[in-house]
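A quick note: this is a predicted structure, and the numbers were derived from the prediction, not measured. All values below were derived from every heavy atom in this structure, side-chain atoms included, with hydrogens, water molecules and symmetry-related copies excluded.
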Amino acid sequence: AIPQYFFRYDPDRGRWVANILMEGFLTTIRLSIWTTIFATLIGVVMGMLRVSRSLFKRLVSGTYVELTRNLPPLVLIFIFYFFVSDQILPALGVEAFIRSADDKTQALMTFLFARPSLFTAFISALITLSIFEGAYITEIVRSGIQSIETGQWEAADSLGLSKWQRMRLVILPQAIQRILPPLAGQFISTIKDSAIVSVISIQELTFQGMELMSTTYFTFEIWITITAMYLILTLSCSLGIAKLEGYLRKSAA
């Protein structure tokens with residue numbers, strides 16, 4: 001009974017299209033990829049602030065990390081959902097713009113993010129997960145930068161490089177090799193953490209599973225299938241990370 005919920009034949013299009021489980025699977029992938037991109041940007045900026053000589057910058061980044069890591073992600077999701085989705089995005093006219101866009105634009109936004117009716121909820125989930133995961137990536141970046149030997153910092157200073165040149169040309173290239181493996185591992189954590197946004201009706205894999213279970217009552221079969229789909233996704237990433245770590249070890253040798 002389960003395979004029919006992966007793909008269905010659409011007579012209007014004349015081809016097979018994704019059904020409820022595959023739609024949830026693809027939404028999980030989209031959400032995880034975009035979250036990792038934005039969380040990495042946040043983490044890199046905040047991680048560099050964590051090692052700044054400025055006390056104010058260290059306090060800002062430290063406060064962000066401590067607040068985010070010590071709050072339940074479910075609380076953050078509800079805060080951002082009701083604040084971003086209900087207040088900020090409508091005030092900016094984002095939802096009206098998406099709904100009034102032409103068919104090609106809506107199709108592109110649906111492919112990259114979510115359907116127009118779910119776009120604002122998707123963005124609020126994306127912002128929440130990015131901020132939450134960004135706090136952990138901040139610590140990964142900070143530890144990577146601080147792991148660089150003191151002699152490298154002193155050598156950069158002796159060359160008369162500015163702070164930005166020292167960081168860009170000397171420190172970061174070495175730190176990236178140490179940051180990439182745990183950063184890739186954080187991507188797997190993001191995939192698993194994305195399941196929590198099902199509470200705000202983001203139609204990712206867990207939400208679609210709950211919807212399907214409530215209509216078919218195939219509780220055991222559905223959750224075993226969803227478990228297998230998550231394992232396929234995370235194990236594929238784990239194998240990719242293992243190859244990446246092997247490549248980096250060979251490069252450093």
Side-chain angles (χ1 to χ4, degrees), residues 2-7 16-44 46-47 68-69 73 110-114 122 125-126 128-148 172-198 202-210 212 220-253:
I2 298 299
Q4 62 180 313
Y5 300 111
F6 286 101
F7 296 96
W16 290 87
V17 297
N19 206 349
I20 183 169
L21 285 179
M22 189 54 62
E23 286 180 351
F25 186 72
L26 295 174
T27 299
T28 295
I29 294 175
R30 293 189 196 102
L31 186 60
S32 301
I33 291 174
W34 283 113
T35 296
T36 300
I37 292 173
F38 287 108
T40 301
L41 293 175
I42 295 172
V44 169
M46 288 297 176
T68 304
R69 293 177 64 180
T110 299
F111 176 77
L112 293 176
F113 298 100
F122 184 92
L126 172 60
T128 306
L129 286 176
S130 297
I131 292 174
F132 180 73
E133 300 294 336
Y136 293 91
I137 295 177
T138 296
E139 291 300 282
I140 293 174
V141 173
R142 177 195 60 78
S143 61
I145 292 175
Q146 290 182 338
S147 69
I148 303 302
L172 282 182
Q174 299 178 72
I176 286 174
Q177 290 188 349
R178 306 179 186 187
I179 289 172
L180 279 179
L183 187 62
Q186 193 64 34
F187 177 64
I188 296 178
S189 178
T190 301
I191 294 173
K192 296 183 290 184
D193 291 340
S194 66
I196 200 171
V197 301
S198 61
I202 303 298
Q203 296 184 359
E204 45 76 59
L205 187 56
T206 300
F207 178 85
Q208 298 289 56
M210 291 189 294
L212 192 58
F220 180 78
E221 296 87 344
I222 289 171
W223 288 115
I224 288 297
T225 302
I226 290 175
T227 299
M229 294 174 76
Y230 272 117
L231 281 175
I232 290 172
L233 193 55
T234 54
L235 288 177
S236 299
C237 293
S238 296
L239 292 175
I241 292 170
K243 290 184 178 181
L244 174 64
E245 291 178 345
Y247 173 77
L248 292 177
R249 282 196 297 268
K250 290 180 181 179
S251 300

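Shown here are the ring pair (Phe, Tyr, Trp, His ring centres under 6.0 Å) partners of Trp16, two or more places apart in sequence or in another chain: Tyr9. Every residue two or more places apart in sequence or in another chain was checked for a salt bridge (Lys or Arg N to Asp or Glu O under 4.0 Å) with Glu221, and none qualifies. For the side-chain contact (heavy atoms from CB on, under 4.5 Å) test, residues two or more places apart in sequence or in another chain that qualify with Leu235 are Leu231. Considering only residues two or more places apart in sequence or on other chains, Tyr136 meets the ring pair (Phe, Tyr, Trp, His ring centres under 6.0 Å) condition with Phe132.
In this structure, CD1 on Ile202 lies 12.0 Å from CZ on Arg30, to the nearest 0.5 angstrom. Note that CZ of Phe207 and CG of Leu212 are 11.5 Å apart. Values are rounded to the nearest 0.5 Å. Once rounded to the nearest 0.5 Å, the distance linking CG of Leu21 with CZ of Phe6 reads 5.5 Å. In this structure, Met46 CE and Glu139 CD are separated by 12.0 Å, a value rounded to the nearest 0.5 Å. Separation of atoms OG (Ser143) and CD1 (Ile148) is listed at 10.0 Å; rounding is to 0.5 Å.
Of the residues listed (Ile222, Ile226, Ile20), the one engaging Gln208 in a side-chain contact (heavy atoms from CB on, under 4.5 Å) is Ile20, and it is the only one.
What you find for Ile196 and Pro73 is that their closest heavy atoms are CD1-CG, 4.0 Å. A pairwise comparison of heavy atoms in Glu23 and Ala18 identifies OE2-O, 3.4 Å as the closest pair. Taking all atoms of both residues into account, the shortest heavy-atom contact from Ile42 to Gly134 is CG2-CA, 4.4 Å. The heavy-atom pair separating Ser194 from Thr28 by the smallest distance is OG-CG2, 3.6 Å. Heavy atoms only, all atoms of each residue included: Gly144 and Ala175 are closest at O-CB, 3.7 Å.
For the pair Val197 and Leu129, the minimum side-chain heavy-atom distance is below 4.5 Å. Residues Ile131 and Thr68 form a side-chain contact, since some pair of their non-hydrogen atoms from C-beta on lies under 4.5 Å apart.
Sequence neighbours left out, the pairs with a member in residues 223-235 that pass side-chain hydrogen bond (donor to acceptor under 3.5 Å, both in side chains) are Glu204-Tyr230, Thr206-Tyr230.
Between Phe113 and Trp34, the two ring planes are parallel [angle under 30°; tilted spans 30° to 60°].
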Kindly list each side-chain donor-acceptor pair under 3.5 angstrom involving residues 178-191, sequence neighbours excluded, with atom names and distances?
{"residue": "Arg178", "atom": "NH1", "partner": "Ser147", "partner atom": "O", "Å": "2.7"}
{"residue": "Arg178", "atom": "NH1", "partner": "Ser147", "partner atom": "OG", "Å": "3.1"}
{"residue": "Arg178", "atom": "NH2", "partner": "Glu149", "partner atom": "OE2", "Å": "3.3"}
{"residue": "Gln186", "atom": "NE2", "partner": "Glu133", "partner atom": "OE1", "Å": "2.5"}
{"residue": "Ser189", "atom": "OG", "partner": "Asp193", "partner atom": "OD2", "Å": "3.3"}
{"residue": "Thr190", "atom": "OG1", "partner": "Gln186", "partner atom": "O", "Å": "2.9"}

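With hydrogens and angles ignored, the 3.5 Å screen pairs no side-chain donor or acceptor of Ser130 with any backbone N or O of Phe38.
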